[in-house]
Engineer: 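Before anything else, here's the structure in question.
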Amino acid sequence: MSIKIALAGNPNTGKTTLFNALTGSDQYVGNWPGVTVEKKEGRLGGQKDVIIQDLPGIYSLSPYSLEEKVSRQYLVEEKPDAILNIVDGTNLDRNLYLTTQLAELGLPMMVAVNMMDVVKRNGDTIDFACIGKALHCQVVGIAAQKGDGCNEAATTLVSKIASHGAPEVPHVFGGSVEHALAHIEESIQTLVPKHAIRWYAIKLFERDRDVIKRLGLGVGDLKHIEEHIRDCEKELEDDAESIITSQRYEFIKKLTDKALKKNAKKKETPPLSDRIDRIVTHSVFALPLFVLMLCAMWFLAVADCGPGTLLTDWANDGFLGTESWTLPFTSIEVPGLGALLASGLERIGCGETVRSLVIDGAWGGVATVLGFVPVITIVFLFLSFLEDCGYMARVAFIMDRLFRKFGLSGKSFIPILVGKGCGVPAVMSTRTIENERDHRMTAILATFVPCGAKTVIIAMFASVFFRDQWYVAPLMDVIGIAIIILGGIALKKSSFFAGEAAPFIMELPAYHLPTAKGVVLHTWNRVRGYVLKAGLVIFPVCVALWCVMHFDWHLNLLAEEEIERSILRELGGAVAWFFAPLGVGTWQGAAASVTAELAKEQATATLQLMAGGEEGIAALFGTFSSFPRVAALSFLVFNLFVPPCIVAVVATFREMGSQKWGWFAVAFQMFVGYTLALSIYQFGCLFAGGGFSAWLVPTVIVDLFVLWAVFRRGAKQGTNDE
Ligand code: GDP
Ligand code: MG
């Protein structure tokens, strides 16, 4: 039989770090709250029969948030064999609040005080024995990031389970509360497991609706319990829930006064974190600073002379290219992968058709996408660094302030930050939003911020059309955020989404200097998915595209100059009208946009397949419109802001909870992307000197509709609350 140990603790205390140290897995460690929503399982290294469970971070065992529900249900109902409560040693008093509640569950428990490296560096000391005595459990110090003390803690806990029965539960409350609790315990004796009786009694005292419902108490019992609660409330002149909360805090205060010795000298200067935060979360400078960060990121990634462009050019023309390249600092010639592939095909005697399929079709598409690996690596390195050092949590905090002005919850911003990496986990992480209307709204909006795959499209267009306009790339992020805010405002004004923003309590984690290993691992996890996708999605799609581009409906192989008769030409041509008002109304424009729904970076691979290298793509847009750069911008915006790739759309459908809402999400996203591209193209051409076009009339009408939707007076509180 295997032993189950649950890792429980506040958000951001190092649960996942400890989990990874114990199980040897590489779960994502994030320096912000709310990352671990689902619980994860792993086996304790060296002891295959011990299962470690990483629970979502929680502040208490009340049922107020999804994380709390998940953790509480697991702890109370599935009953792990032991609890390893991880506590942030730099934040002892707040963390112990949860500890006192966990202790009441009556399960074997150990408290691991983490971040001891920081505690020691600050010159503070913690008396573990003293805390242990008060809480009736063993307390040890660990430093999870370095792995110090982790395995010892787990093995000690395992040996405890074997040798001891259920532990004694600490008593943290005053006389009159204990009196009421004793009576409540008496009346539920037969209904609940013996070890957890105190926990249930306290929850009943707090009038916890879930617990009352679950126990199914009779009217008589409930009345009896209620009398005792009332007596206590009258005596202490407070409501039951507040009594419990404040007595817990009193208990903890007394305990930490005894057990925690702060370094007296250190108090004088505010911690560095606070000083940095004064600038980073400044009411005026915060947002410009964030935009500056985005600009810096994009500058490194796509600026003409930046490292991203240099590496991408080298990858395209050298490493992945169809010619030889010289190893830096030497005169050794190395053939590019494309060249190797071509000569290999020649050697086995392949004909021109197969060569075209493999080199121009499959390899061309895959290499185009892989060529941008340096760009996305830089973007992800930058984001991982900002996340791991704690800056992104500040961004969520600043955005909360901004969002709140518009009746949106800052909690909606966490999924949006996740979405910078990939839309799929972003949409899934909206599940942490309790309020169903805000949950749906965030799922609709989360994918508007350009993800990693969209980064590839941005990088290609920045390099082909906007080499001198470095600001186009960061502008796409800014547009994404603007859509989220304005879209949120517009949705909030409809009666389906109206209502108070859910409160968002988030503490700012201390800044850490991220470990190189952490940042690299985090970046690699994201880049790996993208390289895999090049093989699993882009490759087969390019092969299929090459085929429909080189055959007609009678399956005759077409010569290059006969492409106009191809299946793809006809399919694309059939829907090209849809793209005409956007300036890309040709079969090529349609094919690129439609295939991008499979994976966003496919847009670049499809363009490559149809037009060849950068000059070819520039020339292709020249055939689309007399203002090719306006058409390029419109195409770019269209592909970034219409519904995300099919995988993210499926995730959105799941999150929306019904077909009807799923289609609403897709329609909304389509409307946004189309309207934006339409406005850019129509007004762009007008200002570029293209004269009046009949399309301007509908464009102005939809734009006025959008303005109305954003600025009209909102509906009252929604009525379809669940
Ligand atoms: P979780 O939210 O509880 O799962 O916490 P994580 O494991 O994601 O860790 C939160 C942050 O604390 C990360 O930036 C970790 O690198 C950092 N961290 C974890 N353990 C330690 C430690 O022992 N010392 C220090 N200085 N930082 C730590
Ligand atoms: Mg975690």
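First listed ligand is number 1; within each ligand, the first listed atom is number 1. Positions are given from 1, in the same order as the sequence printed here.
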Engineer: Between Y97 and Y249 (judged by ring centroids, cut-off 6.0 Å), do the two rings come close enough to count as a pair?
Structural biologist: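 Y97 vs Y249: aromatic centres under 6.0 Å.
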Engineer: What part of L18 sits under 4.0 Å from ligand 1 if we count only heavy atoms: the side chain, the backbone, both or neither?
Structural biologist: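 It is neither part, as no heavy atom is under 4.0 Å.
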Engineer: Quick check: I142 and ligand 1, any N/O pair under 3.5 Å apart?
Structural biologist: no
Engineer: Is there a donor-acceptor contact under 3.5 Å from the side chain of N122 to the main chain of D124?
Structural biologist: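 Not a single qualifying donor-acceptor pair exists.
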Engineer: Which of the numbered atoms in ligand 1 are under 4.0 angstrom from any heavy atom belonging to A143?
Structural biologist: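 Once the distances to A143 are compared, the set is 23 (O).
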Engineer: Any nitrogen or oxygen of P11, main chain or side chain, under 3.5 Å from a nitrogen or oxygen of ligand 1?
Structural biologist: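 P11 vs ligand 1: no N/O contact under 3.5 Å.
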Engineer: Is a donor on one side and an acceptor on the other found under 3.5 Å between the side chain of T281 and the backbone of D277?
Structural biologist: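 It does hold such a pair.
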Engineer: If you measure from each non-hydrogen atom of T13 to ligand 1, which part falls under 4.0 Å: side chain, backbone, both or neither?
Structural biologist: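 Both backbone and side chain.
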Engineer: What do we get for N12 next to ligand 1 when only non-hydrogen atoms under 4.0 Å count, side chain, backbone, both or neither?
Structural biologist: both
Engineer: Numbering the atoms of ligand 1 from 1, which are under 4.0 Å from a heavy atom of T16?
Structural biologist: 1 (P), 4 (O), 7 (O)
Engineer: In terms of atom number and element, which parts of ligand 1 are under 4.0 angstrom from non-hydrogen atoms of V118?
Structural biologist: 26 (N)
Engineer: Return the option from Q145, K15, M115 holding the heavy atom at the smallest distance from atom 12 (O) of ligand 1.
Structural biologist: M115
Engineer: Hey, does E601 have a side-chain heavy atom less than 4.5 Å from the side chain of Y530?
Structural biologist: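 SC-SC contact between Y530 and E601 confirmed.
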Engineer: For D81 and K4, indicate whether the former's side chain and the latter's backbone hold a donor-acceptor pair under 3.5 Å.
Structural biologist: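 Between the backbone of K4 and the side chain of D81 there is a qualifying donor-acceptor contact (under 3.5 Å).
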Engineer: Give the atoms of ligand 1, by number and element, whose distance to some non-hydrogen atom of D117 is under 4.0 Å.
Structural biologist: 22 (C), 23 (O), 24 (N), 25 (C), 26 (N)
Engineer: Checking R654 side chain against V650 main chain: does a donor-acceptor pair fall under 3.5 Å?
Structural biologist: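 Pair absent, no side-chain N/O of R654 close to backbone of V650.
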Engineer: May I ask you to decide if E152's main-chain N or O and T155's side chain share a donor-acceptor pair within less than 3.5 Å?
Structural biologist: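 Yes, T155 side chain to E152 backbone: donor-acceptor pair under 3.5 Å.
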